[in-house]
Amino acid sequence: MGVEYVSVQWNRQKKFYDAVLVGGVAAFLVIFSVLTKVLFPRVTDEIMLIRAFGTGAFLLLHIILCIGPLCRLNPQFLPLLYNRRHAGVTCFLLGLIHAALVVITYHAGSDTNPILSIFVSSPINGSVSSVPFQPFGFFALIILFLMAATSHDFWLANLSAPVWKSLHMLVYVAYALLVLHVTFGVIQGEGSPLYVGTVALGLVTVLGLHITAARREVALDSESRLTPHASRPTESQSLVTSSPTEDEFVDACAVADISENRARIVCLSGERVAIFKYEGKISAVSNVCQHQNGPLGEGKIVSGCITCPWHGYQYQPDTGASPPPFVEKIPTFNVRVKNGRVFVHPKPNPAGTRAKPATIDGSSRREEAHSVTGNSESLVTLAATKK
Amino acid sequence: MIAAAFLIALGIYLACGLVFALPFVLVGAKRIDPHAAQGPWGFRLLIIPGVMALWPLLLRRWATGVKEPPEECNAHRRAARKGVAP
Amino acid sequence: MNDEFYIGWEAKAAPGIGKTLRKAVVCLLVLAVLVPVLLAMSQRMIGVSVFEWGAVKSFTGVLRTQPYPHLLVPRPGTNDYHTLQSVINSPASASAYHLVAPWKFGLDRASIATFDGKSVSLKGTLIYRGNQTMIEVMPDSIRATNTASTIGLPSVVPLGRQTLLGEIVDSKCFLGVMNPGHLTPHRACAIRCISGGVPPVLLVRQKDGPAIYLLLVSADGKPVNKQVLYSRA
Amino acid sequence: MIRPLRQRHRRVVIVLGVILPIAFAVGIAARKPVPGMTSLPKELVASPQTFAVTEWERTDLFAKTPIQVRLFRESVGGGRFAVEFSAAKDFVKPDLIVYWIAGNPNITETLPDNARLLGAFNSSVALPLSPDAASASGVLVLYSLADQKIVEVSKPFALQKP
């Protein structure tokens, strides 16, 4: 965003991603069509294509929906997330071709406007099995269109990431509509249990992964709430999960809890804060990447910059500003290190404001070492008591 | 009847969007977002469908003379704006 | 601890991530092959029907507009089975071809009323399934021929009041223009076709034996397209 | 994602997790079987099956199309003959009708005058042959009336063993 917009910022990973995407989609379409034509030579070509593109789009949507929770559960899947937008646009295009063929085949050339026909040609008659399914598909396609049309970084910047993200969370509405579209559409006719089984398996996979990941997120949040210093009675500001100490700084975690070049996440002032340890220093920034609100605290310091795990956007840990020519900025937090513990002031500094990194001085390093020894001593003691 | 009215309204909305999109991608985009100033043709074409869908928002920004994309609204940025930390 | 980190804009991913990625890609490609194979193989709705799209042929016969436009074409050869036990059992001396217009419309009966009962020639495209035959008539291709009509109307045999269980299909699509052209996925199209005047047919599938096709008409032999649409069974 | 969106995301997932499986199950439970009948009312059944005896079954009569021909007779050693066809599921021709022609005629493109109409080609419907066919050999001709074209002529065969 700090540089001029281009159509697509191509790089080697994106090209690889798109090659796999296009190859997979082409394989799906060709295999479905050729096999259908071989097994059922009298099939109408348009309907064969309607089915190929429809099932292809639905499968691709399942894959896209699984990427998010998979990455929450295992960061090794993050490469699948990197260029997910291209998969989304492809999914929309497959759905669009499916819809265009449906309108031409089933609705055009009649006594009614073909688009209007989608709504008026499936009257409701009180029977569950004849719930009009085509309008479900129509509205799902509108949502997929909105998402595909706003997939460029121009829209991320001009809508701002939270608005953009809420718009793109409509994908769950689209998914629900498409499950209904398929359930009350083709499955009412195609009697094979395989069709029912495939959709059911897809549903269980998508919902199962999401619920698992969501539960883990809740668990992560409650973990920060359960740290000893947070169990003290909190102030009226309920969003602050760690309560301020006398001088307003909050005991966030131990220095030893943070791995080198990585961060620990706590919740302060209503949002997650990422506390990084690097080169003997501690810095805290807002956990929210300005690009797409990726979780910076799950990123890593690479070449001196906090790097977002989603798309590799970078920020200097002390200023929260992207290195030039990029212009992204995030709020920073004032930090102190005392007795091997990290204290963070819950009040964020305006985005891009330099906050002096706290140095892990000799004493705190020693304390850190001491606390480790202390721990082992207490373990020894514990062992002794057990004996 | 309702469906017909809905589709006509949708059609008019998108047609207005298309009419707005042409001047917007040529002139308006760089007015509200400096990074769009040198955007290549591919970029301009790519944003047309989105402009057709969200044209009232962009029209308002352009008309009120907004020069920069908006700053995102999240809890930290809101809290930071309230005052400076010690 | 594995401290590998993926950055998309770097040329190469870290080895461990790359390995996971390769496995994921293989899984996805397996899905892209397996799912279409399973779904294509388990399709059950596709039948055996033909629409000779693009092939226009000439037909001659006697045109009838009641109850729905059709062409009676005499079957050549001798037919000496009138001695057999019942009318139904003897092979009919003529075949009846349903006539429809292009797209989702039936032939306009008013415009062809002058040809009713006359020998005509016409051009059109064949649609057929089982022993049902239909012609999508090229617009304005019907011409009266000089030969006099030689086919008598088939005698009407009342079979009494019967209860049948079947599916109302739009005959044009089901006989071949669309395959599959029935059940829920085709419902909207069937409604448009029947609304456009395509003859509605009750398709009675038998457990053993061929499906039978019953043209739906009113008690006085008139088309029932509108009644079918508004019955909404 | 920011915290409010994460919370909304969780709520959406929970709502979908409840609603979608229910909607799916309702949709599947509401499926109607393809309507059909085990047997037609007897008034509508075209030919009461009077040909009880199967004389023979042959698959070699037609060279181009795999069609099985069955010869039936009303009773053992007597009565009229009837033929029944069963073709591959994919075999379909526009308005296909069947003729019997006595002798071993050389048929090219048009039907000869002595072609006798047996009826429409219909899988699993027995077409009765005329009584005089029993005495001589002949051929079966499959003729597409809509195409005005002979589809196939069978090998000559005799109904009764000499």
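Reminder, nothing fancy here: chain letters follow the sequence lines and each chain counts from 1.
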| query | Given C:Cys173 and C:His186, is the side-chain contact (heavy atoms from CB on, under 4.5 Å) satisfied, shown in steps? | reply | CA-CA 9 Å; C:Cys173 289; C:His186 192 74; 3.3 Å; yes

| note | Checking C:Val137, C:Thr65, C:Ile112 against C:Leu99 for side chain to side chain contact (heavy atoms under 4.5 Å, CB included), the one that qualifies is C:Val137

With a 4.5 angstrom heavy-atom cut-off, is it the side chain or the backbone of [X] that approaches chain A, or both, or neither?
| X | result |
| --- | --- |
| C:Val37 | both |
| C:Val50 | side chain |
| C:Leu29 | side chain |
| C:Leu38 | both |
| C:Leu39 | both |
| C:Lys12 | both |
| C:Pro102 | neither |

| query | Quick one: of C:Thr184, C:Val25, C:Leu21, who has the most non-hydrogen atom pairs under 4.5 Å with chain A? | reply | C:Thr184

| note | Residue from C:Trp9, C:Tyr6, C:Trp103 scoring the most non-hydrogen pairs under 4.5 Å with chain A is C:Tyr6

What part of [X] is in contact with chain C, defined as an atom under 4.5 angstrom from a non-hydrogen atom: side chain, backbone, both or neither?
| X | answer |
| --- | --- |
| A:Arg42 | both |
| A:Phe184 | backbone |
| A:Thr307 | both |
| A:Gln134 | side chain |
| A:Val302 | side chain |
| A:Phe28 | both |
| A:His311 | backbone |

| request: Could you walk me through whether A:Cys308 and A:His291 pass side-chain contact (heavy atoms from CB on, under 4.5 Å), step by step? | output: CA-CA 9 Å; A:Cys308 180; A:His291 171 234; over 6 Å; no

| query | Between A:Gln76 (side chain) and C:Thr20 (backbone), is there a donor-acceptor pair under 3.5 Å? | reply | no

| task | Measure from the side-chain N and O atoms of A:Tyr313 to the backbone N and O of A:Leu296, and report whether any donor-acceptor pair falls under 3.5 Å. | result | no

| query | Under 6.0 Å from the CG atom of A:Asn74, do we count more than 12 heavy atoms belonging to anything else shown? | reply | yes

Between [options], who has the most heavy-atom pairs with chain C when the cutoff is under 4.5 Å?
| options | answer |
| --- | --- |
| A:Val20, A:Leu78, A:Thr112, A:Leu39 | A:Thr112 |
| A:Gln188, A:Arg51, A:His107, A:Met48 | A:Arg51 |
| A:Ile63, A:Thr105, A:Thr55 | A:Thr105 |
| A:Ser110, A:Ala27, A:Gly312 | A:Ser110 |
| A:Glu190, A:Arg12, A:Lys14 | A:Glu190 |
| A:Ser121, A:Ser122, A:Gly126, A:Gly299 | A:Ser121 |

| request: Quick one: pull up CD1 in A:Ile301 and CZ in C:Phe5 and give me the separation to the nearest 0.5 Å. | output: 10.5 Å

| Between OG1 on residue C:Thr125 and NZ on residue C:Lys57, distance to nearest 0.5 Å | 9.0 Å

| Pick from A:Trp10, A:Tyr17, A:Phe16: which one makes a ring pair (Phe, Tyr, Trp, His ring centres under 6.0 Å) with A:His86? | A:Trp10

| said: Determine whether A:Ile47 and C:Asn179 satisfy the following criterion, side-chain contact (heavy atoms from CB on, under 4.5 Å), listing intermediate values before the conclusion. | reply: CA-CA 7 Å; A:Ile47 297 180; C:Asn179 186 7; 5.9 Å; no

| query | Can a salt bridge be assigned to the pair C:Asp3 and A:Arg262 using a cut-off of 4.0 Å between side-chain N and carboxylate O? | reply | yes

| Ion pair A:Lys37/A:Asp45, N-O distance below 4.0 Å | yes

| task | Evaluate the criterion ring-ring contact (aromatic ring centres under 6.0 Å, His included) for residue pair A:Phe119 and A:Phe138; output intermediate values, then yes/no. | result | CA-CA 9 Å; A:Phe119 297 92; A:Phe138 179 88; 5.0 Å; yes

